[in-house]
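Here you go, one structure.
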Amino acid sequence: MPQYTPPLRDMQFVLHEMLNVEAELAKLPEHEDIDAETVDAVLEEGGKFCADILQPLNAVGDREGCKLDADGNVTTPTGFKDAYKQYVEAGWPSLAADVNYGGQGLPHLLSSAFMEMINSSNQAWGMYPGLSHGAYTALLAFGTDALKDLYLPKLVSGEWTGTMCLTEPHCGTDLGILKTKADDNGDGSYAISGTKIFISAGEHDMADNIVHLVLARLPDAPEGTKGISLFVVPKFLVKDDGALGDRNDLRCVSLEHKMGINASPTCVMSFGDDGGAEAYLVGEENRGIEYMFTMMNNARLAIGLEGVGVAERAYQHARDYAAERKQGQALD
């Protein structure tokens with residue numbers, strides 16, 4: 001079975017000997033107590049989780065893939081749900097999150113190094129928590145205090161995951177012509193109806209709730225991208241005390257067939273089949289594209305880490321193969 005060895009010495013060289021992170025972080029008030037020992041301990045424990053827990057599931061996930069039933073429920077491959085439980089229990093989702101919402105407040109640099117190792121060991125598994133940090137970042141920056149208090153602690157802890165719902169079947173990257181609509185319910189909530197495609201981890205069985213950040217258009221909104229708003233649309237409605245309520249009016253209707261990362265469900269999501277999915281406005285009306293770019297830019301950085309992680313794994317495989325492959329005739 002292919003193995004993965006976390007490149008801890010390479011990471012330590014970059015962090016300590018090239019970037020001198022201990023001295024640089026000490027200049028920031030929120031990180032002045034971070035030392036080299038803390039950095040190395042986080043990297044070491046993160047590497048163990050990736051090598052011992054995630055890496056063995058990589059081939060399993062690719063063979064089994066995800067399964068969608070008639071009710072719109074997605075079952076993840078064997079071992080994925082248990083690995084995610086261990087990930088949450090160990091506190092990994094909260095690594096670099098705001099301490100005001102239950103985060104550990106450690107440097108994003110450490111979180112990035114950990115995500116690189118996740119992508120090396122099991123990139124498909126990494127897609128589940130991968131967008132949660134982006135959803136957290138957008139809500140932290142633009143959500144009301146009420147929305148942040150209700151959703152951020154669960155996103156930070158990893159009990160809930162997040163998605164970004166932009167693309168639609170007819171518009172691709174041209175979001176200015178999106179058709180998903182939002183109608184004001186008159187009670188502080190909105191009713192969302194429409195279809196979104198290519199939604200990574202849009203439905204799964206690994207977390208108690210999924211928080212969708214959805215771009216939609218209000219009835220009197222301007223045309224084009226200037227008339228798009230951003231909404232929080234939870235899979236399960238959330239009560240004022242944080243407890244989960246009824247299932248919202250949204251479901252996964254299809255999984256994309258792909259050449260790879262089969263263990264990550266790329267979903268077609270339908271909102272409002274029975275009248276409208278309950279949603280809540282993030283920030284101001286018609287500023288959704290601006291807000292969503294916070295999440296999109298976070299995702300772009302994450303894609304870069306995916307590339308680095310996969311390249312490291314490919315290098316390790318190629319190096320090990322070259323070292324053990326026999327070729328040519330024996331001289332004796």
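FYI, side chains are in, hydrogens and waters are out, and symmetry mates aren't considered; it's all heavy atoms of this structure.
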Do D205 and T76 pair up side chain to side chain, a donor and an acceptor below 3.5 Å, judged on atom types alone?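 Yes - a donor-acceptor pair under 3.5 Å links their side chains.
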Do side-chain atoms of T195 reach the backbone of S270 as a donor and acceptor pair under 3.5 angstrom?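 Checked: no pair found.
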E285 versus S229, side-chain donor and acceptor atoms under 3.5 Å: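 No, no side-chain donor-acceptor pair sits under 3.5 Å.
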Using modelled atom types and a 3.5 Å cut-off, is there a donor and acceptor pairing between side-chain atoms of E168 and backbone atoms of K179? yes
Has the side chain of H204 got a donor or acceptor atom that lies under 3.5 Å from a matching backbone atom of I210? no
Would a distance-only check, ignoring hydrogens and angles, find a side-chain to backbone donor-acceptor pair under 3.5 Å from R217 to G176?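 Yes, the answer is positive, given that a donor and an acceptor are paired below the 3.5 Å cut-off.
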Using a 3.5 Å distance criterion without hydrogens, assess whether the side chain of Q86 forms a donor-acceptor pair with backbone atoms of I53.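 Judged by distance alone, no pair lies under 3.5 Å.
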Could you go through the ring-ring contact (aromatic ring centres under 6.0 Å, His included) check for Y128 and Y84 one step at a time? CA-CA 9 Å; Y128 292 89; Y84 188 79; 7.8 Å; no
Sidechain-backbone polar pair: D187 side chain, S189 backbone, donor-acceptor under 3.5 Å: yes
Side-chain (N248) to main-chain (E278) donor-acceptor, under 3.5 angstrom: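 Checked: pair present.
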Is it true that a side-chain atom of E116 and a backbone atom of V308 form a donor plus acceptor pair closer than 3.5 Å?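 Such a contact is absent between E116 side chain and V308 backbone.
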Would the distance check show the side chain of N209 and the main-chain N or O of F236 forming a donor-acceptor pair, the cut-off being under 3.5 Å? yes
Short N-O contact, R9 and E17, less than 4.0 angstrom: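 Judged by the 4.0 Å cut-off on N to carboxylate O distance, R9 and E17 do form a salt bridge.
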Greater than 12 external heavy atoms within 6.0 Å of D10's CG: yes
Main chain of L218, side chain of Y190: is a donor-acceptor contact present, judged purely on distance under 3.5 Å?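 Judged by distance alone, no pair lies under 3.5 Å.
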Indicate whether the side chain of N100 and that of D98 have a donor and an acceptor atom separated by less than 3.5 Å. yes
